[in-house]
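Structure first, then comments.
What you are looking at is a predicted structure, and each value in this text was computed from that prediction instead of being measured.
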Amino acid sequence: MDKLEVFGARKLKGSVRISGSKNAALPILAASILSNQKIILKNLPNVKDIETMIKLLESIGSVIKYSKKKNSVIIKNKNKLKTFASYNLVKTMRAGILVLGPMLARYGNAKVSTPGGCSIGVRPIDIHLKSLAKLGVNYKIVDGYVYAHSKKKLKGAKIRFPKISVGATENLIIASSMAAGTTVLSNCAIEPEIKDLVNFINCIGGKIKWIGKRTLRIHGVNYFKENEYSIMPDRIEAGTYLIAAAVTEGDLKILGINPNIIKTEIDILKKIGLKIKTEKEIIKILGNKNIKNINLKTSPYPGFPTDLQAQLMVLLCKSKKISIISEEIFENRFMHVAELNRMGAKIKTKGNKAFIEGNTNFRAAELMATDLRASVSLILAALTAKGKTTINRIYHLDRGYEQIEKKLRKIGANIRRVS
Ligand code: UD1
């Protein structure tokens, strides 16, 4: 199994270009099931989750030309697709559940493995299922599979999500865009990736409109047209590199991302003492020794993202005083804490709160990665530690960060993969 070796205590300097967003690309790939016309997607990140979603689509009969070099796919669904997503493919990637909506919209039935739990929490799909039921879907869960069908074509409805959920909002947008009549979805997640999904579906002929801050009106259509679409940049990757510059007291230019979509993150980094300047598609950050403490909670967009919580925690370990982070999205997302403490951090957790004492000089150690964002937080800590840190089980990292070692090496990190 691959592991990473990091020799730290080097400042990161130079520029890094942000890849396409994994979390935008996954629902857009799932939405391709709606159409029998050619779809070209560009700026796909070359990461494992995208490969898994492409495998899933191929397993149901999509004909896909995937060019990793060009970060693009050409998808054609000329023949009838199967409506089955196997456990083997959904187990490694929760976003597999996003094929449920489009299968039901196009074919009226689906058998899709439940994603089960994962290391960051239980991660139920009840909101997806109860909302699809409002479009006329009947379902039952037997032996780890959702069996769903609708007697007639899905029918538009008014649906208010009981809680903000990125995945449920996406599944319902995709399903409603081919349902009969009009659907109004309220209390939607409004992450930029959701907006990208809406823009994509409209670009292939959907009729979706934002009619309120968290409200969408969707007129269902019967057919989608051929078109090409470029996936938005990855805001979590951008945030991760900003923090990498900050923890190493480096000097970095982040290229290819509109700073407005990570305004919350930039404001917080400024508040704790980082110098950041933004231009149209560039963010410049200059690190320094004096990191201030902060209390914050993760929350749905436009709040601070849970997907950057572990990375920010590493930076707050450098502050002189105690910081408190409340994790409000996932109940078990402090798996990185034990490993960071092994490197010398002084972090205590109580329920969904982490108390980060600060004044930490990370020490190199042998570590175990637990989930995607936890893995990258260990790299960030290792980048500041003298000596060799070894990070095991990095397959999590490969699910979501394109060419991380190459990008980090280019800006001065000493990091290598050992197979
Ligand atoms: C997506 C992102 C993930 C990110 C998360 C929150 C993708 C592929 N993944 O995950 O990186 O961390 O948003 O920003 O885009 N919930 C329910 N019932 C449901 C659905 C969700 O109770 O049916 C709960 C979840 O357990 C969690 C909260 O709602 O506590 C938010 O989850 P959700 O927004 O759905 O996250 P995902 O779409 O799984």
**Item:** Test side-chain contact (heavy atoms from CB on, under 4.5 Å) applied to N392 and L4, step by step
**Value:** CA-CA 7 Å; N392 295 290; L4 281 180; over 6 Å; no

**Prompt:** Can any side-chain N or O of N295 pair as donor or acceptor with the backbone N or O of S323 at less than 3.5 Å?
**Reply:** no

**Asked** Is the backbone of I415 close enough, under 3.5 Å, to the side chain of R409 for a donor and an acceptor to pair up by distance?
**Response** yes

**Prompt:** With Y107, which residues qualify under ring-ring contact (aromatic ring centres under 6.0 Å, His included), at least two apart?
**Reply:** none

**Asked** Charged N to carboxylate O under 4.0 angstrom, K22 versus D49?
**Response** yes

**Asked** Do N171 and H128 have side-chain N/O donor and acceptor atoms under 3.5 Å apart?
**Response** yes

**Request:** Indicate yes or no: at least one non-hydrogen side-chain atom of L29 is less than 4.5 angstrom from one of L98.
**Result:** no

**Distance under 6.0 Å and angle within 45° of ring axis: K348 vs F355** = no

**Request:** State whether a side-chain donor-acceptor pair under 3.5 Å links E5 with T390.
**Result:** no

**Prompt:** Which residues satisfy the ring-ring contact (aromatic ring centres under 6.0 Å, His included) test with Y66, sequence neighbours excluded?
**Reply:** none

**Request:** Consider only side-chain N and O atoms of S299 and E328, and report whether a donor and an acceptor are under 3.5 Å apart.
**Result:** no

**Fill in**
Applying salt bridge (Lys or Arg N to Asp or Glu O under 4.0 Å) to R106 and not counting sequence neighbours gives none

**Short side-chain to backbone donor-acceptor contact, Y145 and Y87, under 3.5 Å** = yes

**Asked** Just checking, is any N or O donor in the side chain of Y401 or R373 under 3.5 Å from an acceptor N or O on the other one?
**Response** yes

**Item:** N/O donor-acceptor pair under 3.5 Å between T384 side chain and A381 backbone
**Value:** yes

**Prompt:** With no hydrogens and no angle check, do the side chains of D2 and S419 hold a donor and an acceptor under 3.5 Å apart?
**Reply:** yes

**Asked** Would you say the side-chain atoms of N77 and S62 include a donor-acceptor pair closer than 3.5 Å?
**Response** yes

**Message:** I'd like to know if E58 pairs up with K55 as an ion pair, taking the criterion as any Lys NZ or Arg NE/NH1/NH2 lying under 4.0 Å from an Asp or Glu carboxylate oxygen.
**Reply:** no

**Asked** Would you say the side chains of T306 and R333 form a donor-acceptor pair under 3.5 Å?
**Response** yes

**Message:** Tell me if the NZ atom of K80 is crowded by more than 12 foreign heavy atoms within 6.0 Å.
**Reply:** yes

**Asked** Within the distance-only criterion (no hydrogens, no angle test), does the side chain of E265 pair as donor or acceptor with the backbone N or O of G239 below 3.5 angstrom?
**Response** no

**Asked** Taking atom types as modelled, is there a side-chain donor on H336 or S377 under 3.5 Å from an acceptor on the other?
**Response** no

**Message:** Is it the case that over 12 heavy atoms from other parts of the model lie below 6.0 angstrom from the CZ atom of R393?
**Reply:** no

**Item:** Exercise: do Y229 and D196 side chains pair donor with acceptor under 3.5 Å
**Value:** yes

**Asked** Any luck finding a side-chain donor-acceptor pair between N352 and S326 under 3.5 Å?
**Response** no

**Message:** Could you check whether any side-chain N or O of Q311 sits under 3.5 Å from a backbone N or O of D307, counting only pairs where one atom can act as donor and the other as acceptor?
**Reply:** yes

